[in-house]
Amino acid sequence: MSEIPKAYEPQSVEERWHQYWSEQNLFQANPSSAKPAYSIVIPPPNVTGVLTLGHVLNNTIQDVLARFSRMKRFEVLWLPGTDHAGIATQSVVEKHLRQQGVMSHRDDLGREKFLEKAWEWKEKHGGIIIQQLKKLGCSCDWTRERFTMDDHYSRCVQKVFVDLYHKGLIYRGKRMVNWCPVSLTALSDEEVIMTEEKGQLWHFRYPCLNDDGTPSSEEHVVVATTRPETMLGDEAVAVNPNDPRYQSLIGRELLLPLQNKRIPVIRDELVDPEFGTGCVKVTPAHDPADYEIGLRHDLPFTVVIAPDGRMNHAAGEDFEGLDRMEARKAVAERMEEEGYLEKVESYTHNVGYSERSHVPIEPYLSEQWFLRYPAVREATEAVADGKIRFFPERWAKSYLHWMENIRDWCISRQLWWGHRIPVWYHRETGEMHCDLEPPKDPENWEQDADVLDTWFSSWLWPFATMGWPEQTETLRKFYPTTDLVTGPDILFFWVARMIMAGYELMGERPFHNVYFTGIIRDKHGRKMSKSLGNSPDPLALIEQYGADALRFGVMRSAPLGQDLLFDEKHVELGRNFCNKLWNACRFRQLQGGETEGEISPSHLTSDDKWILLRLDTAIREITDALEGYRFNEAAQVLYRFLWSEYCDWYIEASKALLQSTVAEVRNNSLAVTDFVLSHALRLLHPFLPFITEELWHGLGYNNGLPSDQGGTTIGFANWPKPLDDDFKQVYGLDESDERFVAAKYDMVTKGRNLRREYKIPSNQRIRYVFKPNAPISEHEKSVLKVLLNAEPLEVSPDMQPPKGTPQVLSQIGELYLPVEGLIDVEAETNRLNRELEKVELEIEKVQTKLNNPNFTQKAPEAVLEEHRQRLHDWQERYNQVKAAVDALKH
RNA sequence: GCGCGGUUAGCUCAGCGGUAGAGCACUACCUUGACACGGUAGGGGUCCCUGGUUCAAGUCCAGGACCGCGCACCA
């Protein structure tokens with residue numbers, strides 16, 4: 001810090017330190033350390049993704065926890081990595097290859113060639129987000145970076161599949177699944193987003209058939225549907241068995257219009273007689289509920305919609321080839337033309353959308369692999385009993401509800417990018433081979449074409465990244481992990497499944513605590529999205545304001561579990577705060593002198609004692625907030641302490657001492673400053689890793705410290721402990737100092753206010769006269785002089801001011817602003833009378849309470865005492881002001 | 001339909017049983033030797049509504065209103 005710029009310039013500083021940290025591998029975890037373990041696994045971002053504000057929030061929290069724990073002398077492992085994000089990555093790669101003209105469909109390349117290209121893509125773009133996390137200051141153990149498709153990790157995934165298969169928990173079957181007609185793959189229930197949508201409800205008439213098979217001209221049933229195109233695959237109309245209206249219909253047959261097909265009327269409990277007409281068209285192959293009915297009644301499963309969402313041959317030649325949405329319109333029109341349309345109503349209902357492709361999900365009947373969830377009981381109890389704690393706690397309720405209602409997980413995906421299912425089918429016998437090793441005679445077998453859901457690999461993340469299934473040193477030391485930090489949007493996708501995997505495969509919970517962040521929205525409360533273009537680029541923000549500023553701004557406004565409305569103003573605040581810190585330290589630097597000299601108790605001023613006590617309070621509050629995961633609170637205390645206490649008051653007051661020509665006085669002040677700053681930097685470090693590292697070294701606070709306690713990096717310095725009783729005794733710190741200084745600063749504020757009342761510019765030095773209640777030292781006088789910008793400051797215990805002299809009253813005495821020529825008795829009387837009114841109001845408020853016998857009898861003594869004190873203070877104040885008013889009258 | 005949040009200063013949000021807070025914005029003054037990414041002093045609030053518990057209620061309880069989010073196979 002030889003040349004100190006007036007404004008903090010984060011770019012070069014941050015670049016320098018993140019290189020320093022990674023070159024020295026400072027954050028490499030040592031499994032054989034004797035220190036207690038603290039561990040987090042990163043929620044692996046998509047390998048081809050880029051940093052978003054959500055990542056910034058999430059990873060800053062993890063970094064704060066990791067750095068805080070390191071300073072508390074834990075052996076910290078923060079394990080980073082990325083996941084392969086099956087669908088997302090595959091579609092990105094496909095799009096890229098199409099744009100490059102390499103292929104128009106992946107079948108053009110074939111599986112092997114395509115995967116080669118995908119790996120090339122991953123190698124090229126896969127490191128970006130990791131680089132970005134480094135820029136953010138994340139103190140991960142980068143030597144342990146993992147990827148869900150690493151060889152070792154892939155083997156874990158396959159091993160788990162094989163084991164669960166042989167345990168009977170994984171099975172294959174033809175089921176109705178959520179099908180994405182764009183990605184052409186099955187999805188799990190969790191990947192379907194239900195969206196409320198305004199649609200229409202078409203009411204169709206299906207004519208009854210006479211005994212001779214001809215359609216009746218009078219009798220028909222009316223069915224309602226939001227999806228007319230599915231009627232082409234109808235196989236029945238169902239009514240509730242107890243519905244008196246339709247008893248006579250049961251067993252009869254209907255004509256399915258357009259298809260000219262006979263379909264039966266059947267009875268099924270599922271039908272709600274209260275809804276619509278009480279008659280339901282049944283399309284067993286294209287609706288999950290109808291599928292169940294189809295099974296119960298042994299109906300045919302007529303498929304009319306192909307996997308790509310277009311109508312197939314069975315839909316009839318008029319509709320074949322139409323997209324389902326076009327077919328919807330066409331069918332409805334045709335029905336109307338042919339007189340089968342009863343009416344159309346507008347109708348609001350929920351439509352399931354593909355999370356990835358943003359198109360409506362198509363229920364689709366196909367062969368898929370399913371997992372019956374393991375260790376459900378243990379996983380449920382762990383959260384119910386508090387063995388795993390959620391912050392905020394309320395998410396436990398969602399979790400438990402989900403756990404109690406889970407259905408088997410569809411784990412197969414019709415993709416190429418991912419972990420291929422380790423199952424082979426014999427070409428002739430059809431025999432199935434499920435094993436880590438392929439069959440000995442591969443020419444006779446064909447491997448299952450599907451890959452596994454990405455979450456089927458990431459649910460192993462907490463232990464597969466640590467060397468499982470081997471019982472590695474790392475696993476022994478760091479599993480279960482301590483904290484998991486993630487968004488509630490992946491509670492079911494990831495958190496719940498990790499807990500099950502932990503119990504099933506490790507016999508132990510994967511983490512002790514789960515912290516759920518809020519969701520970052522824009523300043524209008526909308527979710528960040530690419531299409532809205534309301535998602536700022538964190539890298540641009542880092543470039544403009546610095547990573548520390550971004551971290552602090554986000555953390556300061558991110559309360560536990562509440563969504564955060566992002567505004568660039570927050571980052572600006574962070575930048576301003578860093579600049580303030582920079583200049584506070586710059587001021588110290590400009591003073592020169594020995595670094596961290598000995599503090600001499602006998603030279604401590606009241607301001608010194610005050611700031612030490614405020615520091616003590618800050619240490620307690622910040623430590624407590626961090627231990628309770630209340631990061632915004634910790635950030636706010638840091639802000640208050642540094643800005644409103646240290647800079648606003650202590651630095652200003654210390655200027656009186658620093659002017660001193662007595663070396664001991666000056667040096668002692670510097671020693672206190674160093675003590676406070678070296679603590680403050682450490683308290684700030686988890687939030688602001690870069691600037692604190694820079695200042696720690698720049699001010700020389702690392703000098704003489706052992707390498708693992710702050711010599712090399714502030715990241716290893718000891719976390720500040722509250723000042724203990726011995727310390728307070730030796731340095732003579734007690735509450736009376738705090739009270740005296742608070743009263744002093746209060747008087748200064750009032751004194752400055754007088755300037756304003758009398759329109760004296762704040763930079764104009766002016767005469768004040770102070771009439772103290774008790775004798776004050778020369779030092780206190782000089783502090784008051786500096787704080788008031790007084791010249792001169794006269795201390796006069798016997799002051800008898802001329803009538804009308806502006807004055808303020810305080811607990812330590814009276815302060816006068818004897819302005820020649822400006823004395824205005826009437827103005828001063830008015831001013832004091834306004835004050836008097838305010839005081840009277842307060843007295844009345846307190847007195848009312850104290851006069852209430854219920855209050856005096858039932859309130860605790862401490863509260864009573866506090867009220868009495870308050871009343872006393874106000875009354876004293878009243879007397880002072882009253883006396884001043886009276887003095888004006890004579 | 002069930003569940004979960006939110007409603008406090010113009011804006012964004014803390015506070016969750018004992019004198020209403022912060023940042024931004026606003027007003028006035030100030031380029032005074034750390035900092036204009038700044039300083040000083042101000043203005044600004046029936047803490048959504050209605051009941052209840054309590055000596056005491058933004059703060060706890062019940063009901064309601066309005067926003068938002070989950071979960072749920074009503075065609």
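Convention: sequence-line order gives letters A, B, ...; per-chain numbering from 1.
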What is the distance from [atom1] of [X] to [atom2] of [N], rounded to the nearest Å?
| X | N | atom1 | atom2 | answer |
| --- | --- | --- | --- | --- |
| A:Q636 | B:rC24 | CD | P | 12 Å |
| A:R765 | B:rU40 | CZ | C1' | 15 Å |
| A:L565 | B:rG23 | CG | P | 19 Å |
| A:K858 | B:rU53 | NZ | P | 12 Å |
| A:N789 | B:rU32 | CG | P | 11 Å |
| A:D489 | B:rG70 | CG | C1' | 11 Å |
| A:E572 | B:rA36 | CD | P | 15 Å |

Looking across every strand, which nucleic acid part, if any, lies under 4.0 Å from [X] by heavy atom: base, sugar-phosphate, or nothing?
| X | answer |
| --- | --- |
| A:F577 | nothing |
| A:R407 | sugar-phosphate |
| A:D287 | nothing |

I need the single residue from A:H286, A:R324, A:K281, A:R328 that forms a side chain to side chain donor-acceptor pair (under 3.5 Å) with A:T230. Which is it?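 Between A:T230 and the candidates, side chain to side chain donor-acceptor pair (under 3.5 Å) is satisfied uniquely by A:K281.
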Ignoring hydrogens and angles, answer whether the base of B:rC35 and the side-chain atoms of A:K6 contain a donor-acceptor pair closer than 3.5 Å.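 Absent.
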Does any N or O donor sit under 3.5 Å from an N or O acceptor when you compare the side chain of A:E652 with the base of B:rA34?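 Checked by distance alone, the answer is yes.
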Answer yes if the side chains of A:D189 and A:N178 hold a donor-acceptor pair under 3.5 Å, and no otherwise. yes
Are a donor atom and an acceptor atom from the side chains of A:E345 and A:H203 found within less than 3.5 Å of each other? yes
Is B:rG10 syn or is it anti, if syn means the base angle is within 90 degrees of 0?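 With its glycosidic angle more than 90° from zero, B:rG10 counts as anti.
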Inter-residue atom distance A:F641.CZ - A:L684.CG, 0.5 Å rounding: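 With rounding to 0.5 Å, CZ (A:F641) is 9.0 Å from CG (A:L684).
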The dot-bracket string of RNA chain B, counting Watson-Crick and G-U wobble pairs with both distances under 3.5 Å, using [ ] for crossing pairs and | for pairs to another strand, is ((((((((.[[[[.)..(..]]]].(((((.......))))).....[[[[[..)....]]]]])))))))....
Can any side-chain N or O of A:D290 pair as donor or acceptor with the backbone N or O of A:T283 at less than 3.5 Å?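 Answer holds: yes.
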I'd like to know if the side chain of A:H401 reaches the main chain of A:K397, judged simply by a donor and an acceptor atom lying under 3.5 Å from each other, with no hydrogens or angles considered.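 No, the answer is negative, given that no donor and acceptor are paired below the 3.5 Å cut-off.
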For the CD atom on A:E842, are there more than 12 heavy atoms of other groups (residues, nucleotides or ligands in this structure) within a distance under 6.0 Å?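 Count over threshold, so yes.
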